[in-house]
Number of protein chains: 2
Amino acid sequence: MTAAQVAAHAGLSVATVSLVLNGKTDGRVSPANIERVRASVAELGYVVDQGASALARGRSDLVVLVAPDLSNPFFGSVIQGIEQELGPRFQLVLSVTESGVQPSASDVRRFAGLRPAGYLVDAPSDAFLDELGDDAPLVVLDAPELRTDVAAVNYDMRDAIDALAAHLASRGHRTLGYLDSITDTRTFQLRREQLTAAAERNGMTVSAPDAARSIIELGAAAAAFGAAWPEWRADGVTAVVCATDTHAYGVLEAARASGLSVPGDVAVTGFDDLPYSRVTAPPLTTVRLPGEPLGRAAARRLVAQIDGGADAGGHAAGPTVGPPPDLVATLIARGSTA
Amino acid sequence: MTAAQVAAHAGLSVATVSLVLNGKTDGRVSPANIERVRASVAELGYVVDQGASALARGRSDLVVLVAPDLSNPFFGSVIQGIEQELGPRFQLVLSVTESGVQPSASDVRRFAGLRPAGYLVDAPSDAFLDELGDDAPLVVLDAPELRTDVAAVNYDMRDAIDALAAHLASRGHRTLGYLDSITDTRTFQLRREQLTAAAERNGMTVSAPDAARSIIELGAAAAAFGAAWPEWRADGVTAVVCATDTHAYGVLEAARASGLSVPGDVAVTGFDDLPYSRVTAPPLTTVRLPGEPLGRAAARRLVAQIDGGADAGGHAAGPTVGPPPDLVATLIARGSTA
DNA sequence: CTGAAAGCGCTTACAG
DNA sequence: CTGAAAGCGCTTACAG
């Protein structure tokens with residue numbers, strides 16, 4: 001089934017069929033013919049060949065999502081938000097890499113061949129963005145303080161982290177451990193830095209901040225905590241702040257395995273507020289990072305960039321268009337710090 | 001950057017460039033020219049335009065994954081398995097729908113326009129497969145007892161469900177509740193049917209089997225349990241078997257909210273064995289359904305079908321190629337039924 | 001072994 | 001408002 005067949009069926013030209021299907025009918029196609037094309041399309045069940053369309057236009061309707069770590073269930077809700085906003089016009093192509101590994105240059109190349117309408121990239125490194133180049137519109141997610149020439153949608157975690165530190169201080173904690181992600185991206189650096197600063201403001205210290213890190217996986221986090229705990233305990237650590245909820249789950253598991261009570265022997269907190277954090281033993285105190293709004297905001301910004309050209313996005317954006325406000329993170333206090 | 005530019009750079013024709021890039025050089029391109037093309041491709045950073053390639057071949061390298069419920073974190077590992085097996089040759093396109101909703105005919109249409117290399121469809125209905133038609137190679141995941149003309153990768157849950165029933169009977173349970181998924185697909189019907197049958201063999205009954213169901217979401221499951229519990233309790237239910245771990249988490253939350261102790265007042269079990277089930281309060285007894293192997297097996301089978309033509313897959317498969325053995329589910333007993 | 005050329009199915013100036 | 005035609009960048013018989 002091709003546009004030529006539709007045209008023949010409707011008694012019109014392929015040009016007219018194409019104009020109707022692309023909504024470029026204003027002053028170019030008569031109402032009667034618009035209707036005729038629509039009827040033929042419906043009757044024949046015609047669908048535009050995306051490859052041919054992309055070839056002719058120089059752009060496809062594919063949006064590439066580069067996520068370093070789909071195993072982090074946080075992405076489930078981000079993706080839902082993206083799909084909601086993208087709607088039927090664009091198709092999401094997934095680039096998943098190993099846990100926490102940044103995609104390589106050759107990964108990037110493959111996607112360029114798709115002539116994507118745009119890229120959505122979670123927590124990229126500067127190097128990765130350099131490789132991606134100016135190929136297509138781009139919005140980055142959760143990449144705070146990245147180069148200013150790229151549109152970004154971020155979280156404002158400062159108040160929530162302050163609240164977390166105050167919360168822990170009020171519970172009598174004086175020395176904290178920090179279980180970091182192994183991914184070396186700015187969002188994780190910021191979480192640690194802001195926590196460290198907030199801890200100091202609240203009369204607490206963070207013990208050996210670089211000691212413990214793991215990929216975003218429960219078992220790996222449990223092992224990392226197990227390795228760090230002897231030193232932390234010697235240092236007087238009574239609370240462990242984790243870079244993600246998944247890390248915190250690992251700590252919960254390791255703590256139980258070694259007979260530590262939470263929060264009695266050690267308090268535990270995370271970042272994300274995955275749904276599971278309501279049912280862990282004990283329920284997890286965490287900084288909520290709403291995933292779906294992040295996905296929606298990023299997708300909305302990308303579509304604006306695709307439709308509006310350069311000045312709708314971050315690329316050489318004039319002063320007329322400011323960045324969207326960051327999404328506000330909030331502290332959710334539960335039993336793991338009770 | 002086009003094949004023509006590569007050809008010019010290498011002093012050869014675009015035909016030769018294409019043959020080299022598609023590995024069709026046997027007896028068609030001299031070793032020296034193969035090398036020359038490779039060098040030019042590398043030097044110029046050339047990537048084949050996928051749209052043009054798909055147009056010329058009539059097929060793209062896109063594999064469409066239709067998953068009714070990406071919010072189920074079970075899919076994270078399935079997707080990882082798929083990506084592992086698909087490798088760099090194919091790109092995964094995501095079709096996500098609302099929780100538990102089957103994709104519509106118009107969703108299907110859109111994908112046909114991509115001229116996909118194949119489809120991977122999780123737990124489809126017969127109606128959906130009819131709409132999909134014979135468009136491209138197809139493998140379905142977790143769709144037991146579906147029409148036999150389609151290649152499927154399934155779980156063998158029978159022994160695990162028997163073990164689950166025996167486990168519950170040995171703990172003294174006599175009446176079970178069943179919290180079902182709202183998705184009306186065969187895999188969920190089977191879970192309930194097999195559990196019901198196994199319960200009877202072990203001297204137990206399942207109370208009001210159709211009473212309780214929800215989408216695969218913690219809060220919805222908690223509400224469904226809350227609604228069903230009064231009747232179940234009156235019926236003497238002491239254990240609730242859930243269609244997924246996520247449903248079980250909802251029961252755990254609802255139970256805590258209403259002051260029920262688990263497993264003291266009510267035992268709870270799930271299906272999936274998500275990593276979180278190790279850290280819930282209490283840890284969850286569940287039937288483990290390994291997601292990554294499911295994704296890998298399905299992708300492997302799809303690639304075989306794409307490469308081998310009709311007789312490598314389920315389409316009109318001769319007796320020479322049997323279906324792969326089902327992936328075996330196993331019972332994981334934990335504290336929620338202790 | 002090599003290259004000229006047809007053809008894949010669109011989109012978009014362009015002429016009318 | 002309408003249609004003929006060029007052109008997008010590949011792949012693949014085909015002739016040599």
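Just so we're on the same page: letters track the sequence lines, and every chain starts at 1. Just the heavy atoms: all of them, side chains too, but no hydrogens, waters or symmetry mates, feed the values below.
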From B/Leu327 atom CG to B/Tyr155 atom OH, the distance as rounded to the nearest 0.5 Å: 6.0 Å
Separation of D/dC10 P from B/Asp49 CG (nearest whole Å): 5 Å
Atom pair distance, as rounded to whole Å: CD in B/Gln5 and P in D/dC8: 11 Å
Rounded interatomic separation in angstrom, taking CG from B/Leu55 and C1' from D/dT11: 10 Å
Candidates C/dT12, C/dC10, C/dT11 - which lies nearest the side chain of A/Thr2: C/dC10
Touch class at under 4.0 angstrom, heavy-atom based, for A/Ala3 against every strand present: sugar-phosphate
Sugar-phosphate, base or nothing in reach of A/Gly27, heavy atoms under 4.0 Å: base
Between P of C/dG3 and CG of B/Asn33, the distance in whole Å: 7 Å
Interatomic distance, A/Arg59 CZ vs D/dG9 P [rounded to whole Å]: 12 Å
Worked check of side-chain hydrogen bond (donor to acceptor under 3.5 Å, both in side chains) between A/Arg296 and A/Gln84: CA-CA 7 Å; A/Arg296 268 204 308 271; A/Gln84 275 173 33; 3.2 Å; yes
Minimum-distance nucleotide to A/Ser30 side chain [options: C/dC10, D/dT2, D/dT12]: D/dT2
B/Leu92 CG to A/Leu94 CG distance, which is reported to the nearest 0.5 Å: 6.5 Å
Distance in Å, A/Leu120 CG paired with A/Leu65 CG, rounded so as to fall on 0.5 Å steps: 6.0 Å
Whole angstrom value for the distance that separates P of D/dG9 from CZ of B/Arg115: 20 Å
Shortest side-chain distance from A/Ala15, nucleotide among D/dA4, D/dT11, C/dC10: D/dA4
Below 4.0 Å: OP1/OP2 of C/dT11 and any side-chain N or O of A/Lys24: no
Distance, rounded to the nearest Å, where A/Leu21 contributes CG and C/dT11 contributes C1': 11 Å
Position toward the 5' end of DNA chain C (nearest nucleotide), A/Arg28 or A/Ser18: A/Ser18
Partner nucleotide, any strand, of C/dT2 [Watson-Crick/G-U, under 3.5 Å]: D/dA15
Residue closer to the 5' end of DNA chain C, B/Ala52 versus A/Thr16 (nearest nucleotide): B/Ala52
From D/dG3, C/dG9, C/dC8, nucleotide with atom closest to A/Ser13 side chain: D/dG3
Considering all heavy atoms, the nearest B/Ala3-B/Tyr46 contact: N-CE1, 3.4 Å
Among D/dT11, C/dT12, C/dC10, the nucleotide that comes nearest once only the side chain of B/Val14 is considered: D/dT11
Atom-pair distance (CG on A/Asp26; P on C/dT12), nearest Å: 15 Å
Non-hydrogen atoms of B/Pro144 and B/Asn154 that approach each other most closely: N-OD1, 3.3 Å
Short side-chain N/O contact to C/dT11 OP1/OP2 from A/Ser53, under 4.0 Å: yes
Residue mapping more 5' on DNA chain D - nearest nucleotide basis, B/Ala56 or A/Pro31: A/Pro31
